[in-house]
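Note that this is a predicted model, so its numbers are computed, not measured. Reminder, nothing fancy here: chain letters follow the sequence lines and each chain counts from 1.
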There are 2 protein chains.
Amino acid sequence: MTSPSSHPLDTVFAALADPTRRAILTMLLEDDMAVTDVAHPFAMSLAAISKHLQVLADARLITQEKRGRVKWCKLEPDALRAASVWMQGFGQFDPVDLDAFERFLATELPDDPEI
Amino acid sequence: MTSPSSHPLDTVFAALADPTRRAILTMLLEDDMAVTDVAHPFAMSLAAISKHLQVLADARLITQEKRGRVKWCKLEPDALRAASVWMQGFGQFDPVDLDAFERFLATELPDDPEI
DNA sequence: CGCATATTCAACCAACCGGTTGACGATCAA
DNA sequence: TTGATCGTCAACCGGTTGGTTGAATATGCG
């Protein structure tokens with residue numbers, strides 16, 4: 001499903017680039033969920049959510065286990081941690097300007113309650 | 001240049017999803033660079049690199065300043081830190097299984113020397 | 001069995017992405 | 001001025017993405 005030659009970080013970051021998928025991950029923090037229940041709050045078809053879940057599974061950000069007729073989705077934080085480790089390499093090189101950083105967080109992050 | 005309604009994290013993660021762009025960021029850790037010098041190690045046209053740099057600038061991962069005829073590219077780690085902060089929210093919820101995590105790092109990360 | 005529920009598959013679509021090439025505008029230097 | 005260098009722009013291309021619909025496949029239930 002994913003091009004075999006792509007770096008694991010490619011698929012992880014690409015998966016995280018979509019707000020629907022980030023919202024799904026946030027929901028899965030609460031608890032494991034069935035596909036239908038994941039789809040419920042979103043204004044899009046079940047098939048679309050099914051595809052999003054496949055993208056997340058390809059990136060190993062979730063796993064899916066079928067029990068009976070329902071497929072349970074479970075958060076799998078290891079891949080996310082690997083990406084986080086990669087990213088932290090960048091923050092550490094200059095002495096952290098906490099003022100600038102908090103200004104950034106204040107102006108950039110809260111403009112959307114969704115996540 | 002970027003769709004106005006997209007969340008900042010969308011563009012940051014999308015920018016990070018490409019290995020060429022991650023490599024550029026890594027190069028910029030060393031020092032600020034001119035566009036031509038950024039392009040040098042890559043087997044693709046200058047125009048392609050110029051586009052990649054525009055994507056990174058849209059995501060506020062770098063800034064570009066033109067001095068004379070050369071345009072200098074500078075790493076801007078705040079956006080990266082914001083994404084890192086978002087991600088760390090996930091790692092903290094289950095008691096960290098360090099064994100599993102190290103196994104993950106060992107199998108998933110080193111298969112590509114590039115980054 | 002017969003029906004409802006859970007999920008995916010297949011085909012299709014418009015939009016976007018990552019790359020190319022060639023022309024172009026700016027800037028420096030002889 | 002002439003010419004070289006720096007970088008972007010515009011048009012194009014094939015492949016991917018994110019969504020839609022409708023049919024198909026399991027599975028559970030009365």
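From A/Thr11, atom OG1 reaches atom CG of A/Leu16 across 9.5 Å, with rounding to the nearest 0.5 Å. To the nearest 0.5 angstrom, A/Leu56 atom CG is 8.0 Å from A/Leu28 atom CG.
Taking 4.5 Å as the limit, every side-chain heavy atom of A/Val38 sits out of range of all side-chain heavy atoms of A/His52. Annotation: side chain of A/Arg60 is not in contact with side chain of A/Glu76 (no heavy-atom distance under 4.5 Å). Between B/Phe42 and B/Met27 the shortest side-chain heavy-atom distance falls below 4.5 Å. Under the 4.5 Å side-chain criterion, counting only non-hydrogen atoms from C-beta, B/Phe13 is in contact with B/Met87.
Rounding to whole angstrom units, CG of residue A/Leu53 and C1' of D/dG18 are separated by 14 Å. Rounded to whole Å, the distance from CD1 on B/Ile49 to P on D/dC6 is 15 Å. Distance CZ (A/Phe13) to C1' (D/dT16): 20 Å, rounded to an integer number of Å. In this structure, A/Trp72 atom CH2 and C/dT5 atom P are separated by 17 Å, rounded to whole Å. Remark: P of D/dC9 and CD of B/Gln54 are 7 Å apart, rounded to the nearest angstrom.
A salt bridge (Lys or Arg N to Asp or Glu O under 4.0 Å) check over residues 30-53 of chain A, counting only residues at least two apart or in different chains, returns nothing. Residue pairs meeting the salt bridge (Lys or Arg N to Asp or Glu O under 4.0 Å) criterion with at least one partner in residues 64-73 of chain B, sequence neighbours excluded, are B/Glu65-B/Arg67.
Note: the hydrophobic cluster containing A/Ile24 does not contain A/Val70 (ILVMFWY, side chain heavy atoms under 4.5 Å, direct or indirect links). By the criterion of side-chain heavy atoms lying less than 4.5 angstrom apart, applied directly or through intervening Ile, Leu, Val, Met, Phe, Trp or Tyr residues, A/Leu46 is not grouped with A/Trp72; the two fall into different hydrophobic clusters.
B/Val55 belongs to no hydrophobic cluster, as no Ile, Leu, Val, Met, Phe, Trp or Tyr side chain comes under 4.5 Å of its own.
The stretch residues 30-38 of chain B has no heavy atom under 4.0 Å from DNA chain C, so no residue of it qualifies as close.
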Could you list the protein-to-nucleotides 26-29 of chain D atom pairs, N/O on both sides, closer than 3.5 Å?
from, atom 1, to, atom 2, distance (Å)
D/dT27, O3', A/Arg69, N, 3.4
D/dT27, O2, A/Arg69, NH1, 3.4

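Distances shorter than 4.0 Å separate some side-chain N or O of B/Ser50 from OP1 or OP2 on D/dT8.
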Legend entry - Heavy-atom protein contacts under 4.0 Å, nucleotides 13-22 of chain C, coded B base, S sugar-phosphate only, - none: -----SBBB-
